[in-house]
Amino acid sequence: MYCRARFASRLASTSTASFSPSMCSRVSPSSAPSYVSFWNQKYRSLSFSSSLRSLRWSRGVDWRSPGSLRAQARNSVPVMERFHRRIATTASEHPFKGVVTSLPKPGGGVFGKFYSLPALNDPRIDRLPYSIRILLESAIRNCDNFQVTKDDVEKIIDWENTAPKQVEIPFKPARVLLQDFTGVPAVVDLASMRDAMKNLGNDPKKINPLVPVDLVVDHSVQVDVARSENAVQENMELEFQRNKERFAFLKWGSSAFHNMLVVPPGSGIVHQVNLEYLGRVVFNTDGTLYPDSVVGTDSHTTMIDGLGVAGWGVGGIEAEAAMLGQPMSMVLPGVVGFKLSGKLCDGVTATDLVLTVTQMLRKHGVVGKFVEFYGEGVGELSLADRATIANMSPEYGATMGFFPVDHVTLKYLKLTGRSDETVSMIEAYLRANKMFVDYNEPQQERAYSSYLQLDLAEVEPCISGPKRPHDRVPLKEMKADWHACLDNNVGFKGFAVPKEEQNKVAKFTFHGMPAELRHGSVVIAAITSCTNTSNPSVMLGAGLVAKKAYELGLEVKPWIKTSLAPGSGVVTKYLLQSGLQKYLNQQGFNIVGYGCTTCIGNSGELDESIASAISENDIIAAAVLSGNRNFEGRVHPLTRANYLASPPLVVAYALAGTVDIDFEKESIGTGKSGNSVYLKDIWPSNEEIAQVVQSSVLPDMFKSTYKAITKGNPMWNQLSVPASTLYSWDPNSTYIHEPPYFKNMTVEPPGPHGVKDAYCLLNFGDSITTDHISPAGSIHKDSPAAKYLLERGVGRKDFNSYGSRRGNDEVMTRGTFANIRIVNKLLKGEVGPRTIHVPTGEKLYVYDAAMRYKAAGQDTIVLAGAEYGSGSSRDWAAKGPMLLGVKAVIAKSFERIHRSNLVGMGIIPLCFKPGEDADTLGLTGHERYSIDLPNKISEIRPGQDVTVTTDSGKSFTCTVRFDTEVELAYFDHGGILPFVIRNLNKE
């Protein structure tokens with residue numbers, strides 16, 4: 001623990017130059033109370049001089065620099081801000097100025113200067129994983145013996161010894177990445193924080209991003225129209241009709257806040273845009289070179305790890321703090337070394353590989369760790385294949401799935417339009433700083449926390465499902481697995497369909513033609529998601545499957561909702577260039593839009609005849625999608641079986657019309673010649689795919705696409721927004737609403753709180769995801785959120801999705817725990833978004849019960865099992881419970897980002913002791929719970945044990961999951977955002 005700015009900045013009264021290193025001596029446990037008392041008295045802002053000094057941005061390298069576009073698109077940083085940055089840089093002598101080295105250009109001159117790891121002459125650095133070297137460089141560059149100390153640098157250098165001890169380090173990412181679902185509430189919070197700052201009598205402009213922020217609008221488009229040549233235009237028109245207010249708000253934010261670039265709707269999926277365009281790999285800012293790094297408010301930010309950029313998902317709350325210059329506090333992670341050898345066999349896709357890797361890593365256990373891939377097999381993988389594996393880091397539980405930069409990376413950078421000079425600079429810098437892998441040279445052994453190995457030749461075609469991404473099923477076993485799922489008890493691999501009903505046939509009429517559904521019938525087939533649409537091999541492979549099937553006379557049944565949502569305009573260009581888009585169109589896979597669509601539940605409505613056939617006959621209908629998430633209730637309320645598959649397999653299952661098929665033994669259908677057609681007849685070879693990729697994916701496609709990236713489209717450009725520092729809140733808006741977080745905010749922090757005689761709002765088992773907790777998907781017509789909207793004159797057809805209304809806390813609070821598939825033990829087997837109001841025994845919607853508890857002044861808690869909060873990073877999965885009045889969550893284990901988000905909103909996360917849970921302790925959820933926490937922050941320690949008592953006489957011990965001293969500071973303030981405001985107010 002150190003008295004650096006994670007606790008208090010004394011910059012208000014002490015210049016950096018006069019700061020005494022003795023202030024940063026290690027604090028012994030015996031001196032901790034007086035030490036904490038000191039920082040309670042002296043809370044000040046985190047050093048914004050050094051925060052500003054850490055601001056990095058790439059300028060003028062070439063046409064595709066987002067920095068150049070940003071400079072053209074909005075006002076430059078104010079002169080005084082630049083002045084303060086310069087003052088901060090020169091206020092004290094950099095502790096590591098001695099390792100600053102010039103990087104020469106091959107033809108003469110220099111690229112710039114950099115902080116050289118080799119110049120430290122420490123042999124321990126040579127054994128560090130590449131991913132840890134990025135953390136080390138950041139710590140050295142930002143070291144001021146205040147926010148980042150020499151001791152922090154030493155911890156990272158000594159990673160082999162310190163990582164097992166779960167030590168804490170600060171980290172400053174180079175930039176922040178947002179998508180619109182998480183971006184809107186982030187900008188809402190920033191706007192609200194400006195109001196709070198003004199109400200405290202200070203300058204609202206202090207609330208301003210201090211690192212580059214890129215926001216890509218990609219989560220709003222829905223598949224309302226499919227199987228149509230006009231689908232893109234019609235879906236975009238509907239998208240703007242529903243989201244005009246949100247989009248105007250984001251457009252206001254892009255001009256009101258400095259350093260914020262908004263990529264308009266219809267441009268692509270955030271992670272593909274990040275990979276193809278926004279990712280710098282190496283920054284060159286004012287002659288200083290350093291590695292790119294990014295945190296994003298979407299868990300699949302990890303996709304950029306495939307490009308050798310350190311990036312991972314954080315909660316929206318953490319991201320907001322990072323935007324405002326706060327250093328991230330993180331536990332120095334262990335690193336799992338994953339060695340790849342051999343190469344993929346013919347017919348095996350990157351999707352098959354990532355589903356295999358996901359299953360292996362889930363079994364190994366990598367939560368909270370980095371995974372670093374190495375070995376000669378890595379050189380056999382394309383950059384797009386690596387990005388596919390990195391993308392699914394959240395599904396295997398890792399913070400990152402990292403691929404160091406090598407020649408394959410450089411080749412991809414050139415393909416995607418980065419200039420030769422930029423690529424030359426990147427290679428020169430990374431080689432000079434020992435961050436580049438050259439498989440033509442002997443590899444020095446690196447240390448890892450644990451090891452895994454996979455021969456790529458052993459990977460076989462597979463899919464995952466029906467309810468979780470890590471439940472991999474080899475394709476040859478799919479039919480047997482499906483029938484086992486029908487037989488099994490209800491669970492992740494079971495539907496409990498009685499034997500006599502398994503062959504049920506639901507006949508119906510679809511637009512005048514006879515049709516039928518059975519258990520396992522495919523009703524949604526979607527080529528979607530950043531995971532796969534960024535990979536030309538699988539996208540063009542899907543086109544080849546469609547072409548071969550069409551030529552043999554096979555067609556997808558018209559009642560299957562097929563769709564194609566590319567991750568960028570580049571995909572459309574190479575599909576057209578190859579001539580394969582027309583065959584996809586003929587099979588119903590017309591382009592529906594450029595965004596996440598089906599993967600996040602924006603699959604649109606099914607035809608009424610199909611929906612009725614499923615509901616009235618209780619059919620277990622299936623969706624097959626090339627996404628990364630298939631949790632129950634996510635893709636569509638009526639598809640209870642959801643399978644993740646490669647884009648070519650999505651087309652194949654659409655052609656088959658069912659998941660109840662053995663592709664090796666059963667035909668997909670009958671061709672126009674009358675012969676049976678099997679999967680092998682329409683499956684392209686790896687060589688065929690490679691030839692099409694080579695001839696169809698061209699650098700000019702990337703250049704032309706991203707030159708126009710910020711120009712938007714006519715609908716975006718026509719949005720009129722005011723130029724103002726403060727946002728004018730419309731009290732009648734059902735999209736954008738001023739949140740209540742900072743109402744009646746005091747200058748001093750409120751201090752920590754325990755829990756007294758709380759009721760259990762919900763009692764959960766294992767694997768409750770953020771899809772269960774956070775409002776997502778469509779708004780049910782009978783829900784509290786629907787009632788709220790109807791009362792304000794919003795018709796049902798205009799409800800839109802929860803995701804689109806994330807900027808309105810009134811809607812989102814009502815939608816928290818509103819998932820129709822949620823299982824609450826208090827309901828004793830009944831599934832749905834209700835709970836028992838314990839004092840009266842009434843069954844109520846969760847929101848209504850929570851409001852009744854709040855009205856009575858009664859605290860509530862949540863009981864949960866293992867992996868609570870797994871899934872997409874969603875700040876509303878923490879904001880919603882806080883606004884419902886939840887004071888604590890007691891679980892067997894938490895997903896990393898969600899636990900952090902709970903802390904960020906002032907909710908206490910507690911873990912049962914190993915081997916214990918609510919069931920083993922005999923807790924029913926009908927008890928009243930008290931959690932005795934000290935009322936002084938100085939008396940609380942990260943990870944300490946506390947006793948939970950109940951009115952039934954039972955008591956048990958839990959671990960408080962405040963994992964760092966910084967999180968205790970957040971708790972003391974009532975959350976991370978009040979912490980930031982008070983610090984800024986006191987600067």
Side-chain angles (χ1 to χ4, degrees), residues 56 58 96 99-106 110-143 153 156-157 159-160 169 171-175 279-285 288-294 302 304-312 332-333 335 337-338 370-375 378-379 383 386-387 390 399-413 418 422-448:
R56 304 290 185 238
S58 178
F96 289 95
V99 302
V100 176
T101 306
S102 293
L103 183 68
K105 287 184 178 181
V110 295
F111 286 116
K113 295 185 177 182
F114 68 100
Y115 288 86
S116 171
L117 302 187
L120 290 171
N121 293 318
D122 194 319
R124 293 174 296 176
I125 295 175
D126 293 333
R127 287 178 51 80
L128 290 179
Y130 288 99
S131 50
I132 298 300
R133 296 180 197 189
I134 293 175
L135 300 183
L136 174 61
E137 188 282 337
S138 175
I140 290 171
R141 177 167 36 88
N142 291 299
C143 183
V153 173
I156 302 173
I157 292 176
W159 171 84
E160 284 190 70
I169 62 165
F171 176 64
K172 288 188 173 182
R175 56 192 176 95
R280 282 75 154 177
V281 185
V282 172
F283 273 77
N284 187 348
T285 302
T288 299
L289 285 76
Y290 54 95
D292 187 5
S293 59
V294 59
T302 54
I304 200 66
D305 302 340
L307 194 66
V309 174
W312 60 86
L332 185 62
V335 182
F338 200 129
F370 289 175
V371 176
E372 186 166 296
F373 294 90
Y374 71 103
V378 173
L383 195 290
R386 299 175 186 187
T399 303
M400 280 206 305
F402 189 74
F403 289 84
V405 175
D406 62 8
H407 286 106
V408 173
T409 318
L410 302 180
K411 182 179 178 182
Y412 179 84
L413 291 172
R418 276 79 163 187
T422 298
V423 176
S424 175
M425 177 197 72
I426 289 169
E427 181 177 7
Y429 168 78
L430 294 175
R431 282 186 180 275
N433 226 9
K434 292 192 174 182
M435 295 180 179
F436 186 86
V437 179
D438 191 333
Y439 291 106
N440 296 319
E441 298 176 356
Q443 297 296 298
Q444 182 160 354
E445 183 179 350
R446 293 178 298 282
Y448 292 109

- Task: State the CZ-CD1 distance between Arg127 and Ile132, to the nearest 0.5 angstrom.
- Result: 13.5 Å
- Query: So do the side chains of Phe283 and Arg175 get within less than 4.5 Å of each other, counting heavy atoms only?
  - Reply: yes
- Query: Of the non-hydrogen atoms in Pro404 and Tyr130, which two are nearest, and what is the gap between them?
  - Reply: CG-CD1, 3.6 Å
- Note on the structure: Scanning both residues in full, the closest heavy-atom pair of Ile134 with Pro291 reads CG2-CB, 4.4 Å
- Task: Locate the shortest heavy-atom distance separating Phe403 from Ala390; write the atom from each residue and the value.
- Result: CE1-N, 4.4 Å
- Where do Phe114 and Tyr429 land on the ring-ring contact (aromatic ring centres under 6.0 Å, His included) test, with the steps shown first? CA-CA 8 Å; Phe114 68 100; Tyr429 168 78; 5.4 Å; yes
- side chain to side chain contact (heavy atoms under 4.5 Å, CB included) between Leu117 and Lys434, intermediate numbers included: CA-CA 7 Å; Leu117 302 187; Lys434 292 192 174 182; 5.7 Å; no
- Non-hydrogen atoms of Pro123 and Asn121 that approach each other most closely: CD-O, 3.8 Å
- Task: Kindly indicate whether the side chain of Asp292, heavy atoms from C-beta on, has any atom under 4.5 Å from the side chain of Ile304.
- Result: no
- At what distance, to the nearest 0.5 angstrom, does CZ of Arg446 lie from CG of Asp126? 11.0 Å
- Query: So do the side chains of Phe96 and Ser116 get within less than 4.5 Å of each other, counting heavy atoms only?
  - Reply: no
- Message: Could you check whether any side-chain heavy atom of Leu410 comes within less than 4.5 Å of a side-chain heavy atom of Ile426, counting everything from C-beta outward?
- Response: yes
- Output yes when a side-chain donor or acceptor of Trp159 lies under 3.5 Å from a complementary backbone atom of Pro333, and no otherwise. yes
- Audit row: Tyr374, Val437, side chain to side chain contact (heavy atoms under 4.5 Å, CB included) steps and yes/no: CA-CA 9 Å; Tyr374 71 103; Val437 179; over 6 Å; no
- Query: Yes or no on side chain to side chain contact (heavy atoms under 4.5 Å, CB included) for Met435 and Val282, after CA distance, side-chain angles and deciding distance?
  - Reply: CA-CA 11 Å; Met435 295 180 179; Val282 172; over 6 Å; no
- Query: Is Ser293 close to Ser138 at the side-chain level, that is, under 4.5 Å between some pair of heavy atoms?
  - Reply: no
- Item | Heavy-atom side-chain proximity of Val408 to Arg386 below 4.5 angstrom | yes
- Task: Kindly indicate, with the supporting measurements, whether the criterion side chain to side chain contact (heavy atoms under 4.5 Å, CB included) is fulfilled by Arg133 and Asn433.
- Result: CA-CA 9 Å; Arg133 296 180 197 189; Asn433 226 9; over 6 Å; no
- Message: Testing the basics here: between Val405 and Leu307, what is the closest heavy-atom pair and its distance to 0.1 Å?
- Response: CG2-O, 3.7 Å
- Stepwise side-chain hydrogen bond (donor to acceptor under 3.5 Å, both in side chains) test for Tyr448 and Glu372: CA-CA 9 Å; Tyr448 292 109; Glu372 186 166 296; 2.8 Å; yes
- Nearest heavy atoms of Ala310 and Met400, plus distance in Å: CA-SD, 3.6 Å
- With distance as the sole test, does Glu427 use its side chain to make a donor-acceptor pair with the main-chain N or O of Met425 at under 3.5 Å? no
- Message: Check the orientation of His407 and Phe436. Use parallel for under 30°, tilted for 30 to 60°, and perpendicular for over 60°.
- Response: perpendicular
